[in-house]
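Computed from a prediction, not measured in an experiment: that's the story for all the values here. Naming: A, B, ... by sequence-line order, numbering from 1 per chain.
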There are 4 protein chains.
Amino acid sequence: MTSDRRPGRPRSETARRAILSAAMEELQQHGYAALTVEGIAARAGVGKQTIYRWWPSKADVVLDSLLDLAAERITVPDEGSLPADLVAFLTETFEQRGQRPVLIGLMAQALLDPVFATAFRDRFLFGRRAALREILDRAIARGEIAPDVDPELLIDVVYGVLWYRLLLDHAPLDAAAGRQLASLVVRAVR
Amino acid sequence: MTSDRRPGRPRSETARRAILSAAMEELQQHGYAALTVEGIAARAGVGKQTIYRWWPSKADVVLDSLLDLAAERITVPDEGSLPADLVAFLTETFEQRGQRPVLIGLMAQALLDPVFATAFRDRFLFGRRAALREILDRAIARGEIAPDVDPELLIDVVYGVLWYRLLLDHAPLDAAAGRQLASLVVRAVR
Amino acid sequence: MTSDRRPGRPRSETARRAILSAAMEELQQHGYAALTVEGIAARAGVGKQTIYRWWPSKADVVLDSLLDLAAERITVPDEGSLPADLVAFLTETFEQRGQRPVLIGLMAQALLDPVFATAFRDRFLFGRRAALREILDRAIARGEIAPDVDPELLIDVVYGVLWYRLLLDHAPLDAAAGRQLASLVVRAVR
Amino acid sequence: MTSDRRPGRPRSETARRAILSAAMEELQQHGYAALTVEGIAARAGVGKQTIYRWWPSKADVVLDSLLDLAAERITVPDEGSLPADLVAFLTETFEQRGQRPVLIGLMAQALLDPVFATAFRDRFLFGRRAALREILDRAIARGEIAPDVDPELLIDVVYGVLWYRLLLDHAPLDAAAGRQLASLVVRAVR
DNA sequence: TGTTAAACGAGACGGTACGTCACGTCTTGGA
DNA sequence: TCCAAGACGTGACGTACCGTCTCGTTTAACA
């Protein structure tokens with residue numbers, strides 16, 4: 001067994017955390033459009049180079065902040081029936097108050113930068129899809145979903161509505177909306 | 001009846017068209033992220049001021065280009081039944097090949113700039129929603145949609161899936177996808 | 001006869017002067033080593049790009065400042081005899097108090113940057129040499145300089161001593177030093 | 001008698017020599033302007049700290065390299081007469097081909113950094129002056145120099161011409177130039 | 001048929017942030 | 001204690017665009 005340390009001064013965990021926090025604070029206060037690498041560095045008390053050394057863009061910093069925060073929070077309910085699972089999952093998912101600035105900022109960046117888009121999909125969005133897929137797979141096993149319904153389309157419907165409302169901000173995004181959508185989905189798969 | 005002419009040299013229609021074309025060409029060639037006002041002006045053979053005189057931002061130029069192109073193309077099918085209408089509407093809507101760079105660019109801008117977001121919603125997105133709403137209202141009148149189904153949620157489902165796939169680019173966006181979604185919606189509203 | 005104006009907004013004379021003054025002030029206060037383009041721009045109330053648009057480097061700004069100031073000051077004495085001319089020329093030339101920071105800064109830059117070195121030679125140093133050459137040519141015509149003495153070497157001697165003392169700062173650089181050198185040169189050319 | 005050893009690991013002579021060589025190689029290849037501490041360290045296979053531990057700046061490294069190389073080479077001729085000594089000294093001194101990049105780099109640094117300027121003067125330039133002074137003192141003892149001629153000024157003349165040509169690079173710097181200057185000096189001191 | 005006034009092209013302007021470079025210092029494990 | 005390695009805070013670099021401004025020129029309606 002050998003030491004897995006690389007030579008040289010190790011990466012500063014203090015700086016890493018200061019950067020992630022600073023990014024979230026700047027974002028919450030001034031919005032994603034006003035977010036700058038220089039601003040993050042200044043607030044974190046860190047050199048710009050320390051940011052560029054570890055993250056290819058400011059969006060990747062924000063994504064890491066989000067993943068750090070959301071790490072523990074993905075819970076897949078297992079209530080025994082599709083309607084119960086869906087309501088539990090969607091009411092929780094739809095109550096992402098405060099996350100809107102983060103999510104639309106990341107999405108904006110993903111739309112402008114294909115490289116980041118891949119990271120965003122793989123590290124964030126696809127994880128959420130997998131959680132929902134688990135619920136649907138259990139429902140399929142129980143025979144709660146008609147065999148001619150494509151579960152991937154159902155996932156698109158659920159997250160489509162979520163993101164569409166997140167982006168347009170034209171309709172409420174809360175537990176009630178989650179319940180309403182859950183009931184529509186249940187109706188559609190019979 | 002009065003002359004609506006203002007004194008001075010009138011706005012140049014030539015310049016206007018050159019700007020809209022240049023914007024679309026730049027966008028198609030280099031993507032929205034690389035679009036700059038200076039680039040548009042240079043390609044159009046126009047001074048920057050001429051752009052700023054008539055549009056508040058480059059996104060508004062692109063939106064105008066899009067609306068110019070799409071002006072005639074919003075047709076609301078009326079086939080006599082919800083399934084037929086939906087299939088007609090969605091197969092056409094989902095076949096927007098080539099429009100993706102424009103649409104995701106505008107959406108990115110809308111996410112970053114709340115002022116433009118309003119313009120984008122009011123001048124583009126809500127128009128699309130209204131078309132679908134017309135179809136649904138006719139179906140409701142015919143009794144094809146259960147009374148406890150909120151048509152606005154149905155619209156969110158349809159455009160949610162459309163935009164979600166447009167943004168993520170993880171699943172096909174074509175006539176087949178349109179038909180699949182149409183059949184799911186029909187199933188859900190019974 | 002046509003207007004020789006180029007199209008577009010003309011160069012701002014105000015900005016030009018503000019930049020040259022700011023450069024000289026910064027240089028006098030903090031020295032050439034601490035001179036930065038950002039510092040000049042900030043003090044002049046000007047964007048950095050306005051400096052880069054017109055000067056390839058900060059050294060060229062300083063050189064322009066120097067030439068602006070020194071424009072009128074090159075006077076070639078004509079007293080009728082080599083000793084008198086030399087004393088007049090050297091006492092004046094050697095009394096360049098306050099210019100030392102400027103001159104050694106420019107020389108340092110010229111040593112580090114061959115492109116600027118050419119500009120410095122052609123626009124400043126060779127002009128000084130030409131003035132002395134005029135004096136020597138008159139002396140040659142009068143037969144005051146032995147024919148086997150190369151006037152270019154004499155110029156090197158005079159400016160060599162000047163610059164060597166400027167650079168090393170090990171010996172006085174004043175009117176007395178000028179007189180002493182003048183008498184040595186006169187002695188050498190007999 | 002005590003051991004002059006300090007505790008701990010002794011300084012690595014290997015590293016010292018690698019640093020001096022690397023500095024000279026970088027300088028000869030890319031010029032002084034492109035010389036960096038990081039570049040020297042990388043080429044020498046040495047940590048940056050090892051350089052900073054022993055030298056205050058990169059210029060001091062180069063100065064040490066130069067002094068290492070030039071250690072043995074200062075020879076003061078003693079031919080019995082001023083003209084012979086001067087010709088011998090100047091022809092040798094002026095033939096410093098290959099040294100130009102080193103010398104102008106060090107001079108540039110000295111002009112920008114007063115601390116290094118002192119080191120450069122004391123450790124390099126004044127040693128050269130002393131050699132010439134020895135020759136002149138012998139000539140004074142022999143009565144070859146008129147008593148009203150300041151030998152320090154003569155030294156300034158000689159090194160002034162040398163450095164002025166080194167800096168401007170406008171005239172040859174070779175044995176012939178050395179002989180020409182020697183004959184002018186001899187003429188001037190009669 | 002000139003006068004008036006706004007739009008036009010060109011491009012310079014004061015700014016902001018970018019991503020990079022090198023500085024000189026600090027912090028590891030190993031010699 | 002020194003060494004190689006390399007991360008750190010710092011600060012300036014030169015560039016790209018922003019949105020505004022100031023030129024001389026063009027183009028129409030009005031006088």
- Message: Which is more 5' along DNA chain F, the nucleotide nearest Y52(B) or the one nearest S12(D)? Just name the residue.
- Response: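 In this pair, the answer is S12(D).
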Can you tell me if [X] touches the phosphate of [N], counting only side-chain N or O atoms and a distance under 4.0 Å to OP1 or OP2?
X	N	value
W54(B)	dC8(E)	yes
T36(C)	dG11(F)	no
R11(D)	dC3(F)	no

- Partners meeting side-chain hydrogen bond (donor to acceptor under 3.5 Å, both in side chains) with D113(D) (sequence neighbours left out):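 side-chain hydrogen bond (donor to acceptor under 3.5 Å, both in side chains) check on D113(D) returns nothing, list empty.
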- Is NZ or CZ of R11(A) both nearer than 6.0 Å to the six-membered ring centre of W54(A) and within 45° of the ring axis?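 Yes.
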- Can the positive tip of K58(A) be found less than 6.0 Å from the middle of the six-membered ring of Y32(A), inside 45° of the ring normal?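 Geometry flag: set, cation within 6.0 Å and 45°.
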- Message: Just to be sure I understand the rule, does R53(A) reach a base, reach only the sugar-phosphate, or reach nothing, if contact means heavy atoms closer than 4.0 Å?
- Response: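 The residue R53(A) makes base contact.
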Once you round it to whole Å, what is the distance between [atom2] of [N] and [atom1] of [X]?
X	N	atom1	atom2	result
D60(D)	dC23(E)	CG	C1'	15 Å
I51(B)	dC17(F)	CD1	C1'	13 Å
D113(B)	dC18(F)	CG	C1'	14 Å
E38(B)	dC13(E)	CD	P	14 Å
I40(C)	dA12(F)	CD1	P	12 Å
Q49(A)	dC18(E)	CD	P	13 Å
R43(B)	dA10(E)	CZ	P	16 Å

- Answer with yes or no whether K48(C) presents, from its side chain, a donor or acceptor under 3.5 Å of a partner atom in the base of dG14(F).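 Per atom types, the contact qualifies.
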Quick one: are [X] and [Y] in side-chain contact, heavy atoms under 4.5 Å?
X	Y	value
R53(D)	T50(D)	yes
L69(C)	M24(C)	yes
Q109(D)	F120(D)	no
K48(C)	I40(C)	no

- For the residue pair A59(B) and L106(B), what are the closest heavy atoms and their distance?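 Shortest heavy-atom separation between A59(B) and L106(B) comes out as O-CD2, 3.5 Å.
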- When the nearest nucleotide of DNA chain E is assigned to G39(D) and to T50(C) on a heavy-atom basis, which residue is associated with the more 5' position?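 Its nucleotide being nearer the 5' end, the pick is T50(C).
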- Message: Here's a test of your reading of the structure: between E13(B) and A44(C), which maps to the more 5' nucleotide of DNA chain E?
- Response: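 Checking each residue's closest nucleotide, the 5'-ward one belongs to E13(B).
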- So what is the end-to-end bend of the helix from dT1(E)-dA31(F) to dA31(E)-dT1(F), with 5 pairs used at each end and the value given to 10 degrees?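 It works out to 10° between the end axes.
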- Message: For the residue pair S57(C) / D60(C), report whether a side-chain donor-acceptor contact shorter than 3.5 Å exists.
- Response: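 Side-chain D/A pair, D60(C) to S57(C): present.
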- Of the residues in residues 14-35 of chain C, which ones touch DNA chain F at a heavy-atom distance under 4.0 Å?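 Per residue number, the list is empty: none.
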- R9(C) side chain: which of dT27(E), dC13(E), dA4(F) is closest?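 Comparing dT27(E), dC13(E), dA4(F) against the side chain of R9(C), the answer is dC13(E).
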- Nearest to the side chain of V46(D), which nucleotide is it out of dA4(F), dC8(F), dG24(E)?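 Comparing dA4(F), dC8(F), dG24(E) against the side chain of V46(D), the answer is dA4(F).
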- Message: If the threshold is 4.0 Å, N to carboxylate O, is there a salt bridge linking D64(B) and R16(B)?
- Response: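 Salt bridge flag = no for R16(B) with D64(B).
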